[in-house]
Amino acid sequence: MIRGVRARAYLLALPATLVFAVFSLVPLLSVLRYATWRWSGTTDPVPVGTANLLRLLSDDELWAALGTTVSFALLALPAFLTLSVVIALAIEGLRYERAVKALLFAPGLITVGGSAIAWYLLYNPDFGLIPEVTGLVLPWTSQPWAALVYIVLFTLWQQTGYGVLVASAALRGIPREVKEAARVDGAHEGEVRRLIVLPMLAPTMLFLTIIGTVFSLQSYTAVYLLTRGGPFGSTRVLGYYLYETAFERYELGYGAAITLFVLVITLVVAYLQARLLARRGASEAST
Amino acid sequence: MNRSLTAIAAALLLSAAGAQTTITFWHSMEGVEDTVVELVEAYHAAQSDVRVDVRYVGSYAEAQTRLVAAFGTGNEPVVFQAEIGFFPRLVGDGALQDLADLAATLPDEVVADFYPGLWGYGEFGDARYGLPWNASTPVMYYNADALRQAGIAPPTTWAEFASAAAALTTRASQGAMFVGDSWLFEMMVLSRGGVLALPDGTPNLDGPEAIAALTMLRELARARQLAFYGAAESTPAILSFVRTRNLMTFASIANWPDVRRFSIGFELAAAPVPLEDGGRVPLGGAQLVVMRGASEAQRLAAFDFWRFLVEPENLASWIEASYYIPVRRSAIPLLDDFYAADPNRAAALAQLELAVPRPRIPEFNAWRRLIDDALERTLRGNQTPQAALAEAQRRALEER
Amino acid sequence: MIAMRLVTALFAAFVALPLAWLVYAAFIPAEALVRANLATFGFSLENFAALRGTGLWRSMAVSFSATSLAVAGQLAFGLGAAYAIRNGLRLLALVMLLLALPSELLLVPLYRQLQNLALIDTLGALVVPFLASPLIVFLLLQGLRRVPWEVIEAARLDGAGEVAIVGRIVAPILRPELTASAVLAFAAHWNLVLYPRIMTTEALWTVQAFLTELLRARPFEWGLLGAAALVASVPLIVLYIIFEKRIIEVFESGFRS
């Protein structure tokens, strides 16, 4: 009887599994196949065995793109986490807490094309509104470091809202009694924050880190909309390099190999972080 | 000869049998899609053997992505508008059908009526893979008021251009503007009598004319007499022009209606690009091609459709809407009123006899990117023209 | 704390700026942007009026139908899958794998898939591949931990079928998660750009595909573009305002320490 119930419960996963299988797994298998071809897409593919995979190892541009991506992640992730926590702490319990959260979440709702236009018009060094009005210029069209900063800023602009929502929710979940007890024992606010609140936030922060890492490793929308990998290829992140290879240079076979590369790295990093998260024990977001 | 007889026979058979052939036509003519639809409808009204299923499939880049995705699925179009940078790749991949036998059925006067550069573009040896329809050349756009006030005539040589840029530069505006598009750079090289690819197909990205062109740009940029925008920044670039932040620039003649619409503060004019002795201008635009998967009946139908599109009257209506250049001489008298109403529209005509195809080498697409890079490095970064172009040349040779 | 408040204020201003610009551009006369002076203050609705007849409304209708259908599927199928996992089905590893998949390169094989199913250029192309989402499964799985298992056992003993249990017992308990997932899923699908442009043609463009085209066709008309971007964002903003409380609740309940 129990078996039958279990089986029927499992059946409920059938529709989703079907969709995943047909529209994610099968295409993934195709991509695996493409990785063994040299193929421009407009003519028959030529099987080349492992040539594409070997090319991955010697492709300077790929490793440069990985380096750029890592730099991006190292800049963006800590800033994202710090801002999320700091802002969540700062607005906790205030009257306009909900308004601030709504504002910060808004960029995620505004269509991404519109955001790109607005950013371009505001921050372009040569004629943007901000340089014109304030004289503050970020030379992101000519200086590689500035371009990376620009991409990081746009990403933070778009994504911090989520982080604040999550951090704020986690803060709410910290039992008041624990903090009260500490205060009664003579700890002042700063210590309460440092010694009680932050450690209890740690699992949530790890969760955000995992999601953030996957995003950093793969996303390239900001690069596509704002810098196109420039200047001088300094913002060419892995995702963008993949896009260029497949859809601008029409090397679909090699592009498939890069996809696998990105996939493997993402899985490895995510797995390691998930293990860390699981080991921490607490919090619901475990594997 | 046999082939053309077969073709005609097949066509007759088709029309006799009353069988209707449907061909899909994918194009990227944004902004004038309605005109394309009108042309198709006129074609349908003029005959009943062929039905054209016309689809606007996005920009050239998106059309290419779509084509790639559709390859081998049976969803490919019969007729595709291949941008001339993508066209050689399609040829090189063997993705297109040879139309030489059909082109041979055209009367001699018709063939002679096409401008040689435009007609020859689709030919590869004895084969023909592309048919001309929409073509453009770069022209020089300038702020006529500003030039008049400064007492400067529109420059006709590069030396004149440089001194005009210097003379026009004030605190509020720069004399000139350049978008780092490889086509426009190619124009600068060709107009000096140089080439970016040698006849045997090897790259020539660091020839003396290329270095001279890039050096001129660099000097003007350093003297703040020329504003430089990257290849992806053409929109803000044009905007800066219409806001009179700069006064001379280069773009396709097909951009005229857009630029004109926004040049509300001043009188906009267009002129042929500066030329040196032996100079040429590059053609832009696309070729109509027939994809490999099309049936024989569809191939014939496609050719018939193209013939309709390039009938002088149809060409004339097309050009009045799109501002592309006439690919046949006999269309020009039909456009007299059009050009008389605004002589600027004819700026590209004077260059037509000098127009040459872009190098039809499959790798040229990749070289375009190398040129874009070199332009950026020199005009935004610190590399010298020689070093940047030598680097581009080196990488182009590597990739062959 | 003062330092933290300051950081918050600065960041809030930073976030607000581009949004304010979009609103500003949408409401000033179109030609103000082309004239040299960007700081003109005329108020005008002409940009919104100009939207009529551009096809924006049609594309919003397409987006609305496609996204609603997709989200309905994601919730229903996602709940089913999460429930199965909670009952012991070892599907989680697969879900995590799918979360890590970079979707863009799947575009080409996916096109063929849809071609084989005769879904290209139909509403189905926008809906069917999106009827399930790994992220939603994940979120709902989190939510299921809240459900007291005794209730389900009791219902089983009473002879209720699994579907009935999920529909009548679990779903109501999970309403906050379902609501939050619905909003997030709606936003994610609504904002897809590259995919709709490749899988469908003009007649079936979504809002984002339409906006991209507008950006290409009329690149200087920032007023129009701003107005279009705002209008296209309205459904999301409305949804968020209505369901904001729920979304917060869900995040809270999911992260109790």
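Convention: sequence-line order gives letters A, B, ...; per-chain numbering from 1. Basis for what follows: all heavy atoms, side chains included, without hydrogens, waters or symmetry-related copies.
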Participant: Contact between C:V128 and A:V22 at the side-chain level, heavy atoms closer than 4.5 Å - yes or no?
Facilitator: no
Participant: Roughly how far apart are A:L83 CG and C:M4 CE, rounded to 0.5 Å?
Facilitator: 12.0 Å
Participant: Any side-chain heavy atom of C:F14 sitting closer than 4.5 Å to one from A:L153?
Facilitator: yes
Participant: Would you sort out whether C:L17 and A:I130 count as a side chain to side chain contact (heavy atoms under 4.5 Å, CB included), showing the intermediate values?
Facilitator: CA-CA 10 Å; C:L17 196 55; A:I130 299 293; 3.5 Å; yes
Participant: With the side chain counted from C-beta on, respond yes when A:F20 and C:L97 share a heavy-atom pair under 4.5 Å apart, and no when they do not.
Facilitator: no
Participant: Decide yes or no for C:F11 and A:V100: does some side-chain heavy atom of the first lie under 4.5 Å from some side-chain heavy atom of the second?
Facilitator: no
Participant: Tell me, side chain or backbone of A:F215 under 4.5 Å from chain C's heavy atoms, or both, or neither?
Facilitator: neither
Participant: Is any side-chain heavy atom of C:L98 less than 4.5 Å from a side-chain heavy atom of A:L28?
Facilitator: no
Participant: Between chain C and each of A:I258, A:L217, A:V19, count heavy-atom pairs under 4.5 Å; write down the option with the most.
Facilitator: A:V19
Participant: Between A:L94 and chain C, which part of the residue has a heavy atom less than 4.5 Å away: side chain, backbone, both or neither?
Facilitator: side chain
Participant: Between C:L91 and chain A, with a heavy-atom cut-off of 4.5 Å, which part of the residue counts as in contact: side chain, backbone, both or neither?
Facilitator: side chain
Participant: List the atom of C:N87, the atom of A:A9, and the distance in Å for their closest heavy-atom pair.
Facilitator: ND2-CB, 3.6 Å
Participant: Please classify the contact of C:L89 with chain A as side chain, backbone, both or neither, using a heavy-atom distance under 4.5 Å.
Facilitator: both
Participant: Would you indicate whether the side-chain heavy atoms of C:E162 and A:L11 approach each other to under 4.5 Å?
Facilitator: no
Participant: Which atom names give the shortest non-hydrogen contact between C:P109 and A:V31, and what distance separates them?
Facilitator: CG-CG2, 4.0 Å
Participant: Minimum heavy-atom separation for A:L12 and C:V166, please, with both atom names.
Facilitator: CD1-CG2, 3.5 Å
Participant: Which atoms of A:V214 come close to chain C, meaning under 4.5 Å heavy atom to heavy atom: side chain ones, backbone ones, both, or neither?
Facilitator: side chain
Participant: Most heavy-atom pairs under 4.5 angstrom with chain A, which of C:G73, C:A81, C:A3, C:P18?
Facilitator: C:P18
Participant: Contact part of C:Y83 toward chain A, heavy-atom cut-off under 4.5 Å: side chain, backbone, both or neither?
Facilitator: side chain
Participant: Rounded to the nearest 0.5 Å, how far apart are CZ of A:F23 and CG of C:L119?
Facilitator: 6.5 Å
Participant: Check whether C:L79 gets within reach of chain A through its side chain, its backbone, both or neither, counting any heavy atom under 4.5 Å.
Facilitator: neither
Participant: Heavy-atom cut-off 4.5 Å, strictly under: side chain, backbone, both or neither for A:S219 against chain C?
Facilitator: neither
Participant: Please classify the contact of A:L122 with chain C as side chain, backbone, both or neither, using a heavy-atom distance under 4.5 Å.
Facilitator: side chain
Participant: Among C:P134, C:A187, C:P235, C:A82, which has the most heavy-atom pairs under 4.5 Å with chain A?
Facilitator: C:P134
Participant: Taking C:I85, C:I2, C:L22 one by one, which has the highest count of heavy-atom pairs under 4.5 Å against chain A?
Facilitator: C:L22
Participant: Heavy atoms only, distances under 4.5 angstrom: which of C:L131, C:L110, C:I165, C:L141 has the most pairs with chain A? Name it, please.
Facilitator: C:L110
